[in-house]
Novice: 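First, the structure itself, so that you have it in front of you.
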Amino acid sequence: MADIKQGRPPTEEEEEPRASGEETAGASRSFASDVLEGGAGPSWLRALSIPVLAILTALVLGALLIVFTDSTSLHAWASFFRDPIGALSASWTAVREAYQALFTGALGSPSEIAGAIGSGDLHRITLSLNPLSETVIASTPLIFAGLSVALGFRAGLFNIGAEGQINVGAIAAASVGFSFAGLPGPLHLTLIVGAGFLGGALWGGIPGYLKAKTGAHEVITTIMMNYISYYLVDYLLLSSFFQRPGRTDPISKPVTAFFPHLLGQDLRLNAGIFVALLMAIVTAWLLNRSTVGFQFKAVGANPDAARTAGMSPGRTFVWAMALSGALAGLGGAVQLASVSPSLTPGFSSGYGFDAIALALLGKAKPSGVVAAAFLLGALRAGARSMQAATSTPIDIVTVIEALVIVFVAAPAVVRGIYRIKAQRAEGPQVLTKGWGA
């Protein structure tokens, strides 16, 4: 060993114990730790580590909220020093029942589904799949809205106007939906979807044009256009062209063409989900495989460098906002032709603002947005069942959603909690430009 310190190369006999020791140390290093610390392992698994831990942490904190809001648990904790086992047992029961109801309300009961399939009764099988159907229904508009904001992010734009773009897309879709009742169903449905696409594109393109020509920040213009869309819906619903005959309340005539149901009329699951998934694939191709997508990312990363390379940032802003709005408007049209056949005030129900969280959760990637939409859709579909079965406040699910978003948006917090090393940087990833851009 002294010779080694003096610089003599080690002999084979001296090398062997050293190599053996390194091999043993390497074997003791778990695959999970390699993945979490950004070392070995598939890249997709490393990318999933932070979101999965964020969801797990949010569920743990949500469990604490369930305990603090459950009267039985609080009563048991009042006598903790006399009966600590009883307090812990009551808390575990409250959390287990609430999360079990949340899970079965979102995906269905595995035992009920297995029993229904074993019975061979088609009606029973259909009913057992109702929770999963409701999850998909809740996720569909979220996918469109999330893709809308994510596409803007990739071009360095912060589109907060998805709410208004959904409304205007629904206005255009509704006007076509009840005006051509004599057309064949597939053709009529195509016109409804196309009208929603064009309506959203128009409403999204306006802030893009204003940014390109005047430098007006898209955050301000899209927020203001949201309010314009709200009052535009209210105004049109009181006009004779839109208002349903025989009604004095603001509700439009119903559309007459709908997406077909996939599992019979007993379930609301319809072919609209296929349109959403198709748009996710098209958006992924547009951003990652096309020249237009390359221009979006180049302008989003550095408009000055893109201009030097011969690209037009102004034209890119208009196209990006128009396509972003088109995706949101398409979501409004699909929602109108599947779940809500009539246009009413508050039609969008906040999907445009949820889209910002979805784009952040999905890292502005279409595949990530789809996964995040199904997560939020499952939480919302299961929340109603959780409240009905256990009297747990439905607001607990909203808190869990917020915690997931906070932890995913601030990955340093998750790394600090679980002592995870930051992954090696693979290049800059720009989501949006700041106010000073």
Side-chain angles (χ1 to χ4, degrees), residues 48 51-67 69-70 92-117 124-146 261-264 266-270 272-274 276-277 280 331 334-335 338-340 349-351 354-355 357-358 361-362 367-405 407-408:
L48 282 176
V52 168
L53 289 175
I55 295 170
L56 176 63
T57 307
L59 290 175
V60 171
L61 295 178
L64 295 177
L65 290 175
I66 292 172
V67 172
T69 56
D70 182 71
W92 168 250
T93 299
V95 173
R96 176 179 57 81
E97 290 179 351
Y99 279 161
Q100 183 178 1
L102 179 67
F103 176 83
T104 56
L107 303 177
S109 170
S111 59
E112 289 184 9
I113 294 175
I117 294 176
R124 183 179 171 187
I125 294 174
T126 300
L127 292 180
S128 68
L129 295 176
N130 184 67
L132 185 59
S133 169
E134 291 302 308
T135 293
V136 175
I137 287 295
S139 304
T140 301
L142 293 174
I143 293 175
F144 287 109
H261 287 229
L262 298 179
L263 297 175
D266 292 332
L267 297 183
R268 297 200 299 167
L269 181 64
N270 58 78
I273 183 60
F274 294 140
L277 296 177
V334 171
Q335 188 75 354
S338 58
V339 177
S340 306
S349 302
Y351 291 128
D354 295 334
L358 290 169
L361 283 174
S367 58
V369 168
V370 171
F374 277 111
L375 171 63
L376 263 63
L379 288 174
R380 295 181 180 186
R384 296 186 292 269
S385 175
M386 182 181 72
Q387 186 179 41
T390 65
S391 299
T392 302
I394 199 170
D395 295 332
I396 295 293
V397 172
T398 304
V399 173
I400 292 174
E401 292 178 10
L403 289 172
V404 171
I405 295 167
F407 289 131
V408 171

Novice: Let me confirm one number: the CD1-CG distance from Ile400 to Asp395, rounded to the nearest 0.5 Å.
Specialist: 11.5 Å

Novice: My understanding is that only one of Val369, Leu358, Val370 makes a side chain to side chain contact (heavy atoms under 4.5 Å, CB included) with Leu142; could you say which?
Specialist: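 The side chain to side chain contact (heavy atoms under 4.5 Å, CB included) with Leu142 is passed solely by Leu358 among Val369, Leu358, Val370.
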
Novice: Does some side-chain heavy atom of Leu132 sit less than 4.5 Å from a side-chain heavy atom of Leu269?
Specialist: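 No. Closest side-chain heavy atoms not under 4.5 Å.
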
Novice: Nearest 0.5 Å please: distance from the OG1 atom of Thr398 over to the CG atom of Leu403.
Specialist: 11.0 Å

Novice: Are the side chain of Thr135 and the backbone of Ala106 linked by a donor-acceptor contact shorter than 3.5 Å?
Specialist: yes

Novice: Which pairs of donor and acceptor atoms, one on a side chain in residues 374-381, lie under 3.5 Å apart (sequence neighbours left out)?
Specialist:
residue, atom, partner, partner atom, Å
Arg380, NE, Glu401, OE2, 3.3
Arg380, NH1, Asp354, OD2, 2.8
Arg380, NH2, Asp354, OD1, 3.3
Arg380, NH2, Asp354, OD2, 3.2
Arg380, NH2, Glu401, OE1, 3.4

Novice: Enter the distance from Gln100:CD to Ser109:OG here, rounded to the nearest 0.5 Å.
Specialist: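 Here the rounded value is 7.5 Å.
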
Novice: Sort and list the pairs that fulfil salt bridge (charged side-chain N to carboxylate O under 4.0 Å, His left out) and have at least one residue in residues 125-134, not counting sequence neighbours.
Specialist: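 Residue pairs with at least one partner in residues 125-134: Glu134-Arg268.
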
Novice: Grab the two heavy atoms, one from Gly108 and one from Pro131, that are nearest each other, plus how far apart they are.
Specialist: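 The answer is N-CB, 3.5 Å.
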
Novice: Side-chain contact, heavy-atom cut-off 4.5 Å: Val67 with Val95?
Specialist: yes

Novice: Rounded to the nearest 0.5 Å, how far apart are CG of Leu59 and CG of Leu64?
Specialist: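 If we round to the nearest 0.5 Å, Leu59:CG and Leu64:CG are 11.5 Å apart.
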
Novice: Which residues satisfy the side-chain hydrogen bond (donor to acceptor under 3.5 Å, both in side chains) test with Thr390, sequence neighbours excluded?
Specialist: Thr392

Novice: Would you call Met386 and Ile394 a side-chain contact if the rule is heavy atoms closer than 4.5 Å?
Specialist: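 Result no, sub-4.5 Å side-chain heavy-atom pair not found.
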
Novice: Nearest 0.5 Å please: distance from the CD1 atom of Ile396 over to the CG atom of Leu102.
Specialist: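 Here the interatomic distance stands at 11.0 Å.
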
Novice: Taking the side chain as everything from C-beta on, heavy atoms only, tell me whether Phe144 gets closer than 4.5 Å to Gln335.
Specialist: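 Phe144 does not reach Gln335 side chain to side chain.
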
Novice: Counting N and O atoms only, with roles assigned by atom type, does the side chain of Ser133 sit under 3.5 Å from a partner on the main chain of Leu129, one being a donor and the other an acceptor?
Specialist: no

Novice: Of the non-hydrogen atoms in Ala389 and Ala101, which two are nearest, and what is the gap between them?
Specialist: CB-CB, 3.9 Å

Novice: Are more than 12 heavy atoms, taken from residues, nucleotides or ligands other than Phe103, located less than 6.0 Å from that residue's CZ atom?
Specialist: no

Novice: Go through the steps for Ile273 and Ile143 under the test side-chain contact (heavy atoms from CB on, under 4.5 Å), then give the verdict.
Specialist: CA-CA 9 Å; Ile273 183 60; Ile143 293 175; 4.0 Å; yes

Novice: Testing the basics here: between Ile125 and Ser128, what is the closest heavy-atom pair and its distance to 0.1 Å?
Specialist: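 Here Ile125 and Ser128 meet closest at O-OG, 2.6 Å.
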
Novice: Measure the spacing between CD1 of Ile113 and CG of Leu127 and express it to the nearest 0.5 Å.
Specialist: 11.5 Å

Novice: Main chain of Gly382, side chain of Ser385: is a donor-acceptor contact present, judged purely on distance under 3.5 Å?
Specialist: no

Novice: When you compare the side chain of Ser338 with that of Thr140, does any pair of heavy atoms fall below 4.5 Å?
Specialist: no

Novice: For the residue pair Val397 and Ala383, what are the closest heavy atoms and their distance?
Specialist: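 Of all heavy-atom pairs spanning Val397 and Ala383, the closest is CG2-CB, 3.5 Å.
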
Novice: Can you find a pair of side-chain heavy atoms, one from Leu267 and one from Leu262, that are under 4.5 Å apart?
Specialist: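 Heavy-atom side-chain distance check fails, nothing below 4.5 Å.
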
